[in-house]
Amino acid sequence: MISATAPISPASLRPTETVWARWPWLRRAVSVGLILHLLALVIAPLAVAPTSPLWQRSWLAFRPYLEGLNLNHGYHFFAPEPGPSHLVRYELRFEDGHLEQGLFPNVQQQPRLRYHRHFMLSEFLNSLAIDDSRREVFDAVTRSYADHLRHEHHAAEVTLSLRRHYVPGPQHVTSGKRLNDVSLFAERPLGTHGLERR
Amino acid sequence: MLVRLRWLLELATTFVRDAVAATSNAWNNFWFKPADPTTLCLIRVLAGLMLFYTHAVWTLDLEAFFGEQSWLSREVIAQANRDGYSWSVLSWCRSSTALWTMHIVALTTFALLTVGLWTRAAAVLAFVFTVSYAQRTPGALYGLDQVNGLLSLYLMIGPCGSRFSVDAWRVRRVARQVARLSESSQIGQAARLGESSYVTANLAIRLIQCHLCVIYFFAGLSKLQGLSWWTGFAFWGGIANQEYQTLDLTWLADWPLVINALTHLTVAFELSYCVLIWNRWTRPLVLLVAVGLHLGIVFALGMPTFGLAMLIANASFISPSLIRTLIDGPARRSAGGPPAFGQQTPAALSPAAPNFPRRRKRDAEFHTPG
């Protein structure tokens, strides 16, 4: 198994024999572009907190490119810690006074990708909740989720809570604790949202 | 003294000149050497399928995620992206009809990319739609969308429709007709088309490979900040997370050393990928571990799409000759000898590539009457 770019021509085929060599400036321009592109790819994860002022300023320079091409990613999968997961519990109050409760994500949702989209919504809310510098956005997102739920269920009012689900240690599991043990859950109230329009 | 100084200066100049020339040659060989587009074309088919599926799933909740009363309203996205440069063609859709029309166009685009019809235009549009969906609902994204984004970006660059595609079949059919009229004009056109296409195939594949190295490296580096990745129990945090798990591996609680080993292996793999993948001897092992890791994500962590998308990106390291052997070999045998579907691109017919004996042989097969 060799490289996917193994040339179909023999090694003796020099770049001067390619169409690119007829316009050397094109190859140079593309080379500069490639260097900048690779630099941008590296700067995006380097600028994720905790980071240095150097990477922050570099990121600002590349920001239009990174965001414009949707390349602004940190690639911090399950890092720095896998951590607990988060769900959103909601309670709907209808005009006639009756109440209904719900939770998302709902593991019954199929296909799995659909479930995961909803799971990411609740994780996104948590990522904002723990970031004091984005308090304004957190409030706006909470309000948006509430408005969506109210509209979806034709409810008058919705009360949201962010539910944290801790992961038990291996020693707890071996001693008989279940993954959904009630002691593994904690909730943070997110307020009640009424009929006020966005 | 002066002679010695001059000798030293000349030595230094020669060294620098040789180093620059060697680096320049290595750079050009790495990025600009013409390459077989077979791997890129296979990635197009697989990535096209993944893009189609990923976006088809949005159909179930289209208005809930992208409509006027969506989870993340347009106003919230605008607020979060106040000083940013994100964009989305979906923000043009102010009515349900417009949204559904756009969605159908997007799904059609992904289908066209998969089958390779009007591939170049489909690849550009596929990228536009991939970015648009992602940036319209940033709160619902995860690794899958990042990999989809990079694949759709680089597929725009190379001749990803030159094989395994309706376009290739059409070109072959036209070439056959032209060959009957004028062999020379066909040859000239073929040479021009083929030559530049191969360089861009290399560029696209190299970009996927380098991007993948960046992803793995920073995935590994970021884990070094976490205590559980050092104490060896981070792997447990994944398999015992009920919101992720689709396969119960909590019996591993009785095997803490196995959990430690899998945790450390994950970090070691991610950190070393960008080095070991380039060596021909270690590459098969690295790819084998990548397959194991991502199949684990597929079956145990409930992210089949993300796991498969990463494997599709890893396919960029598979040799085109291996893919040709695996796909074309059986196809040719079953067809009794003629070239496989999409095999005969204009470049393959070109005598401008005199050192391509296999291609010339196929060329001869191609010109065989009847």
Side-chain angles (χ1 to χ4, degrees), chain A residues 1-10 13 15 18-20 27 31 34 38 41-42 45 63-64 67-71 73-83 85 105 111-114 116-117 119-121 124 137 140-141 144-145 147-148 151-152 165 167-168 170 173-174 179-180 198, chain B residues 28 32-36 39 57 60 69 71-73 75-76 79-80 84-86 131 134 139-143 146 149 195-196 199 202 205-206 210-211 214-215 218-219 222-223 225-226 228 234 236-238 240-243 250 253-254 256 280 284 302 305 316-320 322 355-356:
Chain A
M1 191 180 294
I2 55 170
S3 169
T5 57
I8 51 173
S9 56
L13 183 66
T18 73
V19 70
W20 291 73
R27 207 172 57 205
S31 294
L34 286 169
L38 295 176
L41 289 186
V42 171
R63 189 181 178 190
E67 291 188 348
L69 292 184
N70 191 34
L71 295 170
H73 310 301
Y75 309 119
H76 286 29
F77 307 124
F78 291 98
E81 303 281 0
S85 50
R112 182 75 184 184
L113 179 55
R114 191 183 182 200
H116 217 82
R117 295 296 187 200
F119 183 24
M120 291 302 105
L121 284 177
F124 178 61
V137 179
V141 169
S144 187
Y145 285 7
D147 282 350
H148 171 76
H151 176 263
E152 193 82 354
H165 186 179
V167 177
V173 171
T174 46
L179 298 183
N180 58 356
R198 310 176 191 171
Chain B
N28 287 334
F32 299 106
K33 204 162 192 172
D36 185 337
T39 302
V57 171
L60 301 168
Q69 296 288 341
W71 285 103
L72 289 165
S73 68
E75 294 76 21
V76 169
Q79 185 183 349
Y85 301 87
S86 299
V131 175
L141 308 181
Y142 66 112
Q146 298 171 10
E195 212 171 19
S196 61
V199 172
N202 187 26
I205 284 290
R206 290 299 194 198
C210 290
H211 202 136
V214 171
I215 290 177
F218 282 98
S222 59
K223 287 179 174 64
Q225 296 176 63
S228 63
W236 173 262
N241 187 315
Q242 210 175 23
E243 276 67 44
T250 49
D254 293 325
R280 69 165 73 178
T305 39
S316 62
F317 282 101
I318 298 176
S319 157
L322 180 65
N355 294 310
F356 301 168

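Throughout, protein chains are lettered first and strands after them, A, B, ... in sequence-line order, and every chain is numbered starting at 1. Basis for what follows: all heavy atoms, side chains included, without hydrogens, waters or symmetry-related copies.
- If you tally non-hydrogen atom pairs under 4.5 Å between each of A/G68, A/A79, A/P64 and chain B, the highest count goes to A/P64.
- Using a 4.5 Å cut-off between heavy atoms, B/A234 contacts chain A through both its backbone and its side chain.
- With respect to chain A, the highest number of heavy-atom pairs below 4.5 Å among B/A80, B/G84, B/C210 belongs to B/G84.
- A/V42 is listed as a side-chain neighbour of B/V214, based on a closest heavy-atom distance under 4.5 Å.
- Not counting sequence neighbours, the partners of A/P170 by the side-chain contact (heavy atoms from CB on, under 4.5 Å) test are B/F233, B/W236, B/A253.
- Looking at B/T250, both its backbone and its side chain come within 4.5 Å of chain A, counting heavy atoms on both sides.
- In this structure, B/Y142 and A/H116 have tilted ring planes: the angle between them lies in the 30° to 60° band.
- The most heavy-atom pairs under 4.5 Å with chain A, out of B/Q242, B/E243, B/Q79, come from B/E243.
- Ranking B/G149, B/A219, B/S228 against chain A, the residue ahead of the rest is B/S228, based on heavy-atom pairs under 4.5 Å.
- You'll find the side chain of A/Y75 stays beyond 4.5 Å of the side chain of B/S222, heavy atoms only.
- At least one donor-acceptor pair under 3.5 Å links the side chain of B/N202 to the backbone N or O of B/K33.
- Looking at heavy atoms from C-beta onward, B/W71 lies out of side-chain contact with B/V76 at the 4.5 angstrom threshold.
- Highest contact tally toward chain B, considering only A/S31, A/P168, A/P105, is held by A/S31 [criterion: heavy-atom pairs under 4.5 Å].
- Between chain B and the options A/E152, A/E67, A/E81, A/R117, heavy-atom pairs under 4.5 Å are most frequent for A/R117.
- Put simply, the side chain of A/S144 never gets that close to the backbone of A/A140: no donor and acceptor are under 3.5 Å apart.
- No side-chain heavy atom of B/I215 sits less than 4.5 Å from a side-chain heavy atom of A/L41.
- Contacts between A/V141 and chain B at a heavy-atom distance below 4.5 Å involve backbone atoms as well as side-chain atoms.
- Of the atoms belonging to A/Y145, heavy atoms from both backbone and side chain fall under 4.5 Å from chain B.
- The most heavy-atom pairs under 4.5 Å with chain A, out of B/G237, B/P256, B/A134, come from B/G237.
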